[in-house]
Q: 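Encoded as structure tokens, here's the structure I'll be asking about.
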Amino acid sequence: MKTGAQIIWEALVHEGVDVVFGYPGGAIMPAYDAMLQYPVRHVLVRHEQGAAHMADGYARASGRVGVAIATSGPGATNLVTGIATAMLDSSPIVCITGQVAAPLIGSDAFQETDVTGVTLPITKHNYLVTHPEEIGPTLREAFFIARSGRPGPVLVDITKDAQQKSCDYVPSDAPVKLRGYRPEHRAEARDLERALELLGHAERPILFCGHGVVKAGAGGLVKELAERLQAPVASTLLGLGGFPATHPLAMGMMGMHGEAWVNQAIQEADLIVALGMRFDDRVTGNLKTYAPRARKIHVEIDPSEIGKNVKVDVALVGDVKETVTALLAGAQPGRRDAWHARLATLRGDTAVRDIVHLPDDGHLYAAHVMHDLYRLTEGRALVVTDVGQHQMWEAQYYKHDHARKLITSGGLGTMGFALPAAIGARFAMPDDEIWVICGDGGFQMTSSELSTCAQEGLKVNVAIINNGYLGMVRQWQEFFYGKRYAATPLKNPDFVKLADAHGLVGLRVTKRADIPGAVAAARAEKGTVVVDFRVEQEDSVYPMVPAGADLGNMIRRPLNSVLAEQGDDP
Ligand SMILES: Cc1ncc(C[n+]2csc(CCOP(=O)(O)OP(=O)(O)O)c2C)c(N)n1
């Protein structure tokens with residue numbers, strides 16, 4: 001006989017879990033008490049949002065399921081932002097919450113919240129468990145659902161009395177079968193044939209590398225396909241690293257803050273092969289004018305994404321790896337010289353406008369920090385970004401050649417994600433050099449997790465891109481709201497002192513020349529280091545497609561100001 005609390009840990013150990021991120025409280029105390037008997041490391045977070053992001057960061061870095069644990073009521077509701085973040089980016093996490101005892105449910109008992117109700121739309125699935133016998137099988141299903149098909153978060157809410165009561169428990173290895181849940185799909189032969197026909201005839205194709213390529217570990221196959229077809233590859237934000245950024249066929253990022261020439265190329269392409277991506281509005285701009293000349297092939301594991309935003313000519317529903325393997329079996333080599341010549345023209349003056357190429361004028365630009373971090377870490381760091389301008393600059397200037405080395409909140413755009421997600425990634429990748437890149441705003445949303453770093457003895461490097469503003473919102477105010485900076489200037493704490501208060505090292509950089517020294521000092525330190533980069537306050541991310549505008553209609557860095565800074569006559 002085992003208590004329900006013991007069964008929770010037995011089931012987790014059986015699933016191969018060796019670390020969980022959580023915060024205790026009344027309704028989950030039996031589980032915490034039983035935890036001491038099991039070989040699972042518990043990381044005590046400072047806010048349950050952090051626990052969910054840590055589980056998410058762990059999952060994204062490792063490809064395994066991350067686990068967060070919290071008590072009922074406020075503990076459970078604090079998980080919500082992290083669960084929604086995982087949902088929008090298809091990240092496999094299992095959240096276990098305590099619930100008030102079953103007889104009290106519905107009585108507004110102390111710390112009672114209907115968390116299965118609250119999380120219904122932001123979980124792939126959720127459960128309320130009221131009997132100890134259900135705990136083992138439910139957790140087994142939860143892990144299966146989280147990682148199968150299109151991955152996502154699953155919440156298991158377990159009443160306190162179910163944790164306290166006992167029953168027999170034997171872990172099962174039988175395959176999980178659930179009525180109505182069919183996560184596996186395989187592209188149909190006739191659709192593959194049709195796709196190969198379109199590929200054979202295309203003169204101006206582009207492959208799109210989405211998050212699904214990273215998740216499926218399909219990067220090598222996509223490279224083979226791109227080289228065979230001589231097709232250029234554009235990436236979504238979450239697809240970065242899925243295809244090597246330094247490969248000659250790599251175009252870089254598409255979408256709102258993608259390269260202008262890449263977006264223009266999409267508008268001129270005659271075939272798009274979208275691999276594991278979902279045509280998010282940040283990628284397409286105005287759907288009415290999106291890629292008007294292109295036939296579209298959509299390779300996607302989730303059938304509900306097909307035709308959701310963009311009508312496609314061929315849908316290949318299935319795992320990206322399997323589907324690209326099937327395409328490779330029939331894809332014919334191509335050259336497409338004229339298309340590559342056209343792309344070179346489109347690329348045009350992009351380099352001239354690039355701020356990184358400007359001479360050092362004494363100002364510290366965020367782009368310099370990203371570029372130097374890329375250079376100094378030789379592109380090998382695992383970078384976890386927060387949300388805002390710095391996120392886009394990182395995507396533009398840190399060239400990722402490897403999958404799972406950029407972790408960022410794409411779909412939900414959750415400020416406060418980076419530091420906790422990096423802590424989770426630290427457990428997945430104990431030997432990686434990890435850099436958190438965050439804004440001064442987002443950092444303060446979850447900076448209390450510095451305490452977690454200190455208590456757990458964790459090493460991450462935190463680069464705060466400190467522009468004294470909620471930068472991305474300030475940029476929109478500058479472009480679209482007549483420079484009325486409503487509620488975007490920030491009066492920040494002294495981040496160096498804040499690090500010090502946590503018993504950690506803090507550094508400050510105000511000049512470009514000082515970046516390498518600070519990076520070296522941060523790398524040399526054993527514990528977590530916070531580097532406060534005081535960057536240009538009113539710089540903007542260029543280029544930009546205004547929300548809902550045509551993809552080919554980008555705001556570019558004003559050439560006049562660029563030439564003026566270069567000392568040329570505008
Ligand atoms: C939790 C949350 N609240 C609000 C927003 C809206 N938002 C998007 S970017 C941004 C500004 C971010 O400022 P900062 O963290 O300083 O980064 P920067 O843009 O300056 O690089 C805001 C407020 C958000 N994405 N997430």
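Just so you know, these numbers use all the heavy atoms, side chains as well, and skip hydrogens, waters and symmetry mates. Please read all numbers here as calculations on a predicted model, not as lab measurements. Each ligand, and each atom within it, is numbered from 1 in the order the structure gives.
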Q: If you measure from the Lys or Arg side-chain nitrogens to the Asp or Glu carboxylate oxygens, is any gap between Asp539 and Arg557 under 4.0 Å?
A: yes

Q: Taking salt bridge (charged side-chain N to carboxylate O under 4.0 Å, His left out) as the cut-off, I'd like each qualifying pair that reaches into residues 41-52, sequence neighbours left out, listed once.
A: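 Listed once each, the pairs are Arg41-Glu456.
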
Q: When the ring centroid of Phe417 is compared with that of His53, is the distance short of 6.0 Å?
A: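 Yes, the ring of Phe417 comes within the 6.0 Å limit of the ring of His53, centre to centre.
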
Q: Regarding Arg534 and Asp532, does a basic nitrogen lie under 4.0 Å from an acidic carboxylate oxygen?
A: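 So Arg534 pairs with Asp532 through a salt bridge.
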
Q: Show me, by chain and number, every protein residue that has a heavy-atom distance under 4.0 Å to ligand 1.
A: Val387, Gly388, Gln389, His390, Gly413, Met415, Gly439, Asp440, Gly441, Gly442, Met445, Asn467, Tyr469, Leu470, Gly471, Met472, Val473

Q: Determine, stepwise, if the pair Arg523 / Glu433 fulfils salt bridge (Lys or Arg N to Asp or Glu O under 4.0 Å).
A: CA-CA 8 Å; Arg523 294 169 101 182; Glu433 175 175 354; 2.9 Å; yes

Q: Tell me whether Lys308 at atom NZ has more than 12 heavy atoms from other residues, nucleotides or ligands lying less than 6.0 Å away.
A: yes

